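Since the model is a prediction, treat every value here as computed from it, not as a measurement. Convention: sequence-line order gives letters A, B, ...; per-chain numbering from 1. Note that these values count all heavy atoms, side chains included, but never hydrogens, waters or copies made by symmetry.
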Amino acid sequence: MVKESKLDFLVIEKKWQKEWEKKKVFEVKENTKKKKYYVLEMFPYPSSSGLHMGHALNYTIGDIYARFMRMNKFNVLYPMGYDAFGLPAENAAIKAKEHPKKYTENSMKSFIMQQKALGLSYDWNRKVVTCEPEYYKWNQYFFLKFLENGLVYRKKAGVNFCRKCNTVLANEQVHNGKCWRHSDTEVEIKQLEQWFIKTTNYADELLRDIPKLQWPERIKTMQENWIGKSYGTEILFEINGKKWPIFTTRPDTIFGVTFMVVSAQHPRLMELVTEKQKKDVNNFIKKIKSTKQEDMDKFDKEGVFTGSYAVNPLTDEKIPVYAGNFVVADYGSGMVMAVPAHDQRDFDFAKKYKIPIKRVIEEDTKVITIEESLKPEFYKEVEKFAKIINKDGLSYIYANNIDKVFDIAKDKFIGDLWYIHSEGKVKKIMFHAKKENKIFYWNTEREIEEAKKYGRKIGIKEEQLDFNELREAYTANGILINSKGFNDLDSEEAKEHITKALEFKKLGSKKVQYKLRDWLISRQRYWGTPIPVIYCEKCGMVPVPESQLPVKLPEKVKFGKGNPLETNKAFVNVKCPKCKGKARRETDTMDTFFDSSWYFLRYEDNKNKKQAFDKKKVDYWMPIDQYIGGAEHAVMHLIYARFFTKALRDLGFFINKDKMDEPFMKLFNQGMLHGNDGNKMSKSLGNVINPIEMIDKYGSDSLRLALMSFASSDKDTNWDEKVLIGSYKFMNKIQDLFKKISKGKSSPRMESKINKTVKEISEEIKDFRYNIAIIKLRSLFEMIEQEQEVAKKDLESFLKMLSVFAPHISEELWHKMGNKDFISLAEWPKVDETKIDLKLEQQEENLEKTVSDIVNILRIIKEKQGKDAEKVYLYVIPNEKSSYNEGILSKRLNKEVKVFAVNDKNKYDPENKAGKAKPGRPAIYIE
RNA sequence: GCGGAGAUGCCGGAGUGGUCAAACGGAUCACGUUUAGGCCGUGAUGGCUUAGUGCCUACGAAGGUUCGAAUCCUUCUCUCCGCACCA
């Protein structure tokens, strides 16, 4: 049944994993004589479902890189840790009555066991676990440092609240506006005092430094959008005698403001609500179920009148103020001026509540004249992407991309080109005469009249704007109308002028606004780092003194009703550190993103009891040279970690400030591994593949190789066990080959191939094209198989390259060849460029071509004569004879093959084919 | 809604202007090996054609640029992913 030499991977893999651990092969120390390299994967959240295939993929990618750099003589730091605080552990506590600590510890144990089974070359000695007091103590320490330096503050913010649980819910715990545990209970929004970190202090630097990063472009774009810098104007509207600021990027539309909308989650909303409207507003707030962005989009724009009126600073008109569900509370000031004619959201809202719509911007109609004779051809070109409608003696072109119409007109059609305002007022005129190769600009009335007469007009509109039947807002720039002194200006100019006018009245100013908000780190949960603050009846908020850190999370708590920390009296009731009076402890814990924002600094010095990390050690290892993880962390984690690094830099935590601008120099995003059905792996779909089961079946070397073979590592791909079986077969073949191959001298052909392969594979690995590297390794292997004998050195080179992908079998074969050291620490093979012989490559190709010719002829003979030919004769140019080996050819063709030089007098050539031989192309005779 | 990625032969996937009927793997078929099957080896797998050739049709769809397109441009269709209390 079983093939005799079947790979006994279970024994081999366990053996080498033990050896590596025993001999501390992957443990590293700072060594200033060696160049360092820091490879890091995003550390996992240890969930009870264990390591999934996505993890295995992620870590294998990193491990290959770490092994590769190690073999290239870098001092490689490659650690692992666990992001061990978080909601799932707490949910498990509530539902399964298992303590989060136990849950987490069990999960971690199974993670570590599985990671070791994958043969990952971590320095386990540097493990970091965020839920241990030794770690989170430093969270608290950094929090206090931030507090000291004004980077932390408290502010009211809306949270999801379930009455039945008497607790705050995470967005994840809100399902369709209802509590995850009480599907009959509507989630309410409650305003609570929350802790914020001033990430916005660094908004500009975070944005500015993005171009420095060697990250995938899409991640960089995502970060740019997340930070979302926009230039606009802050305008003060007076409401009930008080000035309320709003931010807008469209001050040019201020004459079109017909109402104001304040976010339903705005902390000061109630100040605006009149006695009469209170009931309505309260009902409305209750109706809004969650703060989740996604849900907000699904709901219709809704709102309710607050009873108050604002005064438009330029028109003195009184305009109603509404509370609405579509205004984000923490962007800008949480209030907007609404211009229904020129903003789609405002438009929808105005239609719904029958608020007047006032149009203040009119679109530019652009007019081109095209010579009559050229018209048909022009139409033909334009019709490909636009619609042409004839109306009022004009041909209107409706296109998404007007500039393209102009480009076509300019490039191909001779005539005039001018832009006019739809009411006939000329904005800018351009006369374009291609023939004379000149461009003129005209702008007098007379010239315009003249221009209008010229030729046939074609008007182009970006969209139709019949105001009475307006179905959507006109959101593009244009020319101002109904705007008093600002009429006829175009939007961009008007923005400037209107802002200046507001500045003059001291009711507005230019402002740069970021979408990036301050980071809300308070969590009303148990399983996180306690925020080290105490509230004293006399002294107010008092930071916990550093000497009292860590504020430990109490173990004995009650889950399920309220915040477990709040109901724990021993934890809450404390003495004030200042006056020793009665005080209560902060019960909020920190967002786990806080933990993951600096964990990469703790690896360098994970056992330090006196400091979060030793400056010198961090100086040696940082920054991270290669960071690896999924795109789901594209914004949050990566921005917070960048912020943290910059903040710590400014607080003097690093020796070399310049070097510590950015924590992650290079970032690699692995693709998602889906199930074999193409869907995300998930329990409910039943398409989850457990890495450990696969390792038990085929071994981790095969699994690692397969994971890297599915597709390019940065692409999404589907699981397929057949690929794994293919890898497994390859492993077996390698083992068999090493048993029987004779060691001797490599042929020049072999030497050329191996050097070329080393060169290419090194490049492929550097660029994470592991799939291609494996293909090249397979191709090299095929050639080794064909050779009679191969030099020991070349076999070792092959093994070394294999070892980064399949470390166990490589280590085993390495030792079987008589090596006493570890291949994992061996030096990466060097390329000898002089051995790479392109002529040999050419010969190789010629041989392939000849083989396929022979096969082709054999097939035709069989078809025609109905029988198999038996003998194949080749006639080659004399100096090429050595590249056609009778033995190899016979084996491949499964026929007797004779090779003659064309000038061989004794050759067998009954049909005189030898004359047809050409260089690189032998003549063939078959019988 | 905003933002991002992608569509290649029976399947998975390489491939970014000619050397492409398109790497590599899988699957299937044929032959060899074998008592047989499996494993293993060799070859084939768009169509027609041919003693080692030539032609046609092909890379989501439709157009375009070019001497030349899987590759560049335009429009369309479809799929997937991220979006601040999940980590």
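- Rounded to whole Å, the separation between the C1' atoms of B:rU50 and B:rC40 comes to 33 Å.
- The separation of B:rG17 from B:rU71, taken at their P atoms, amounts to 11 Å, rounded to a whole angstrom.
- When heavy atoms are screened at a 4.0 angstrom cut-off, A:A631 is found touching no nucleic acid atom at all.
- Rounded to the nearest Å, the gap between the P atom of B:rG46 and that of B:rA7 is 22 Å.
- Using atom C1' as the reference point in both B:rC20 and B:rA14, the two lie 12 Å apart (nearest Å).
- Considering only side-chain atoms of A:R525, the nucleotide from B:rC85, B:rC40, B:rU50 that sits closest is B:rC85.
- Taking atom CG of residue A:L893 and atom P of nucleotide B:rA51, one finds them 20 Å apart after rounding to whole Å.
- Separating the C1' atom of B:rG47 from that of B:rA21 is a span of 11 Å, rounded to the nearest Å.
- Checking B:rC85, B:rG26, B:rA87 against the side-chain heavy atoms of A:K722 singles out B:rG26 as nearest.
- Nucleotide B:rC24 holds its P atom 15 Å from the CD1 atom of A:I761, rounded to whole Å.
- Between A:F43 and A:Y599, the gap from one ring centroid to the other is short of 6.0 Å.
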When you compare the protein's N or O atoms with those of nucleotides 3-5 of chain B, which come within less than 3.5 Å of each other, and at what distance?
unit_1, atom_1, unit_2, atom_2, d
B:rG3, O2', A:N225, ND2, 3.1

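- With A:N139 as the fixed residue, the side chain to side chain donor-acceptor pair (under 3.5 Å) test singles out one of A:T589, A:T130, A:D595: A:D595.
- The gap from the C1' atom of B:rG12 to that of B:rG6 amounts to 15 Å, rounded to the nearest Å.
- Across the C1' atoms, B:rA44 and B:rC59 are found 22 Å apart, a figure rounded to whole Å.
- With B:rC80, B:rA51, B:rG13 as the choices, the nucleotide that has an atom nearest any side-chain atom of A:I860 turns out to be B:rA51.
- Between B:rA62 and B:rC67, the two P atoms lie 23 Å apart (nearest whole Å).
- Rounded to whole Å, atom C1' of B:rC31 lies 8 Å from atom NZ of A:K895.
- Base pairing annotation: B:rG3 forms a Watson-Crick or G-U wobble pair with B:rC81, both donor-acceptor distances under 3.5 Å.
- Straight-line distance from the NZ atom of A:K715 to the P atom of B:rG15: 6 Å, rounded to whole Å.
- Computed from coordinates, the A:E90 CD to B:rC86 C1' distance equals 13 Å when rounded to whole Å.
- Ring centroids of A:Y770 and A:F768 are separated by less than 6.0 Å, placing the two rings close together.
- For A:E782 against B:rC24, a side-chain-to-base donor-acceptor contact under 3.5 Å is absent.
- Closest to the A:K849 side chain, of the nucleotides B:rC85, B:rA87, B:rU53, is B:rU53.
- Checked against B:rC86, B:rA14, B:rG43, the side chain of A:V855 finds its nearest nucleotide in B:rG43.
- Residues A:F43 and A:M672 each lie close to RNA chain B; by heavy-atom proximity, the contact nearer the 5' end of the strand is made by A:M672.
- To the nearest angstrom, C1' of B:rA44 lies 16 Å from CD1 of A:I857.
- A:D720 comes within 4.0 angstrom of nothing in the nucleic acid, heavy atoms only.
- Close to B:rG12, at under 4.0 Å from its OP1 or OP2, lies no side-chain N or O of A:S709.
- Across all strands shown, B:rG18 is found opposite B:rC67 as a Watson-Crick or G-U wobble partner, with both distances under 3.5 Å.
- The distance between atom CD1 of A:I775 and atom C1' of B:rG13, rounded to the nearest whole Å, is 8 Å.
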